[in-house]
Amino acid sequence: MKKIVLAVVLCSAVLAFAQNGTTLRYNYETGKAYNYAVTSNTVVTQDIGGREVVTEMGQEAQFTIQPQSRAENGDYTCWISFPALKAKIKNFQMDTTLVMTALLNKRAEVVQTETGKVLSSTMVDTVAGMDMLMQQLGVEPGVLFKRIQVKLPQDAVAVGGSWSESEPDSLLQGGINIAITPNTTYTLLGTEERAGLPCLKIAFKGTIAMSGRGSQMGADIALEGEGNQEGVIYFSQPQGILVSAESSADQNSTISITGPATMTIPQVTTVKSSLTILP
């Protein structure tokens with residue numbers, strides 16, 4: 001009889017979740033450290049003057065989120081740092097593994113809403129000099145900390161329900177101001193255990209457009225591109241944390257250069273990445 005009653009209660013809970021939905025929110029514990037491992041593989045193929053140039057890059061990193069405080073409106077102030085960050089780069093110029101030593105364990109202070117929208121990202125610690133890898137990528141330190149978390153929907157969502165994300169964003173990379181416009185649909189597929197935690201399984205799929213202008217070494221550069229992205233996210237609602245994510249993306253873009261030399265470079269980029277929480 002007890003087993004029957006328990007089954008009825010569980011079934012009722014599942015039905016209530018499916019019909020009424022649930023509100024997804026981050027729920028960090030102040031003073032606790034959340035550690036993640038990230039891997040990504042990127043292939044960039046460029047056509048430079050009729051010559052195909054391929055660059056392969058594999059990245060491995062670990063990052064830590066340390067919540068410092070929570071405001072009355074629910075916003076979190078967190079310190080984020082990379083205890084490990086390296087990349088293997090292979091192209092016609094090099095085949096090497098580079099470690100971003102200048103950025104290791106340097107903290108950024110990120111303020112985000114309880115839905116994961118980043119309101120600000122500023123460095124707490126001074127980054128002395130630029131690693132070769134950071135120079136190669138043209139990456140500003142704050143950019144690396146800005147896109148750590150997944151944005152969650154404002155409204156409650158039920159199994160089978162979906163929401164969209166189309167809020168534009170921007171970044172500065174290698175002296176180029178780049179505007180990013182996503183058009184992504186997220187769908188709550190159901191529940192699944194991940195890393196020993198009960199999780200909501202969320203699939204996403206959509207497009208992303210990029211455009212930018214800037215200058216490098218006296219040359220004016222314009223960038224236009226669009227592509228597709230898809231993947232799956234696992235979010236633990238009881239703990240209020242992102243548990244893991246997997247994604248793939250491809251993009252076709254054109255880089256136009258004017259100045260001492262004028263050229264147009266078609267570029268195809270593919271990226272596969274994964275993230276998982278560490279014990």
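In terms of heavy atoms, Val99 sits closest to Lys86 at CG2-CB, 4.0 Å. Summarising the geometry of Thr184 relative to Thr207, their closest heavy-atom pair is OG1-O, 4.2 Å, with the distance given to 0.1 Å. Nearest heavy atoms, Ile176 versus Gly212: CG2-C, 3.9 Å. Closest approach of Glu165 to Tyr186, counting heavy atoms only: CB-CE1, 3.7 Å. When all heavy atoms of Gly58 and Asn41 are compared, the pair lying nearest together is CA-OD1, 3.8 Å. The nearest pair of heavy atoms linking Asn105 to Pro83 is OD1-CA, 3.3 Å.
The pair Glu114-Lys151 fails the salt-bridge criterion, with no side-chain N (NZ, NE, NH1 or NH2) lying under 4.0 Å from an Asp/Glu carboxylate O. With salt bridges taken as basic N to acidic carboxylate O contacts below 4.0 Å, none links Glu56 and Lys88. Ionic pairing of Glu192 and Lys201 is present here: one or more N-O contacts between side-chain nitrogen and carboxylate oxygen are shorter than 4.0 angstrom. Classification of Lys117 and Glu167 as a salt-bridged pair holds, one side-chain N sitting under 4.0 Å from a carboxylate O.
The environment of Arg213 atom CZ is sparse: at most 12 non-hydrogen atoms of other residues, nucleotides or ligands sit within 6.0 angstrom. Summarising the local packing, CD of Gln68 is surrounded by more than 12 heavy atoms from other residues, nucleotides or ligands at distances under 6.0 Å.
Cluster annotation: Met210 and Val271 are assigned to distinct hydrophobic clusters (Ile/Leu/Val/Met/Phe/Trp/Tyr, side-chain heavy-atom contacts under 4.5 Å, transitive). A chain of hydrophobic side-chain contacts below 4.5 Å, direct or via other Ile, Leu, Val, Met, Phe, Trp or Tyr residues, connects Leu188 to Leu197. Val43 and Ile89 end up in different hydrophobic clusters when Ile, Leu, Val, Met, Phe, Trp and Tyr side chains are linked at under 4.5 Å. No continuous path of ILVMFWY side-chain contacts below 4.5 Å connects Ile255 to Val268, so the two sit in separate hydrophobic clusters. Hydrophobic cluster membership is shared by Val110 and Tyr34, with clusters built from Ile, Leu, Val, Met, Phe, Trp and Tyr side chains linked at under 4.5 angstrom.
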From CA spacing to verdict: side-chain hydrogen bond (donor to acceptor under 3.5 Å, both in side chains), Ser164, Thr185:
CA-CA 4 Å; Ser164 61; Thr185 299; 5.9 Å; no
Derivation of the side chain to side chain contact (heavy atoms under 4.5 Å, CB included) call for Ile257 and Ile265
CA-CA 8 Å; Ile257 302 174; Ile265 304 174; 4.0 Å; yes
Does Leu98 form a side chain to side chain contact (heavy atoms under 4.5 Å, CB included) with Met100? I'd like the steps, not just the answer.
CA-CA 7 Å; Leu98 302 172; Met100 297 177 70; over 6 Å; no
Report the C-alpha separation of Ile233 and Leu242 in whole Å, then their side-chain angles, then the decisive distance to 0.1 Å, and conclude whether the side chain to side chain contact (heavy atoms under 4.5 Å, CB included) test is met.
CA-CA 8 Å; Ile233 298 163; Leu242 177 66; 3.4 Å; yes
Verdict with reasoning, Cys78 to Tyr28, per side chain to side chain contact (heavy atoms under 4.5 Å, CB included)
CA-CA 9 Å; Cys78 301; Tyr28 296 131; 4.0 Å; yes
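Counting only heavy atoms from C-beta outward, the side chains of Arg194 and Cys199 approach each other to under 4.5 Å. No side-chain heavy atom of Val232 sits under 4.5 Å from any side-chain heavy atom of Phe204. Proximity of Leu223 to Ser253: side-chain heavy atoms (C-beta onward) are separated by under 4.5 Å at one or more points. By the 4.5 Å heavy-atom criterion applied to side chains, Val124 and Trp79 are counted as neighbours. Between Thr115 and Gln154, some side-chain heavy-atom pair lies under the 4.5 Å cut-off. For the pair Leu24/Leu200, a side-chain contact is recorded, criterion being any heavy-atom separation below 4.5 Å from C-beta on. For the pair Val54 and Asn91, the minimum side-chain heavy-atom distance is 4.5 Å or more. Side-chain contact between Ile208 and Ile180 is present, with heavy atoms from C-beta onward closer than 4.5 Å.
Note that the CG atom of Asn35 and the CD atom of Gln62 stand 7.5 Å from one another [nearest 0.5 Å]. If you take CG on Asp75 and CD on Gln112, they are separated by 8.5 Å, rounding to the nearest 0.5 Å. To the nearest 0.5 Å, atoms OG1 (Thr39) and CG (Leu275) are separated by 9.0 Å. Atom OG1 of Thr191 sits about 12.5 Å away from atom CD of Gln237, to the nearest 0.5 Å. Note that the OG atom of Ser170 and the CD1 atom of Ile178 stand 9.5 Å from one another [nearest 0.5 Å]. With rounding to the nearest 0.5 angstrom, the CD atom of Glu29 is 9.0 Å from the CD atom of Gln239.
In terms of modelled atom types and a separation under 3.5 Å, the side chain of Asp250 and the main chain of Thr270 share no donor-acceptor contact.
When the options Ile241, Thr64, Ile80 are evaluated for a side-chain contact (heavy atoms from CB on, under 4.5 Å) with Tyr36, the one that passes is Ile241.
Centroid-to-centroid, the aromatic rings of Tyr26 and Tyr76 stay 6.0 Å apart or farther.
Gln59 and Ser40 form a side-chain donor-acceptor contact under 3.5 Å, judged by distance and modelled atom types alone. In this model, a donor atom of one side chain and an acceptor atom of the other lie less than 3.5 Å apart for Ser247 and Ser273.
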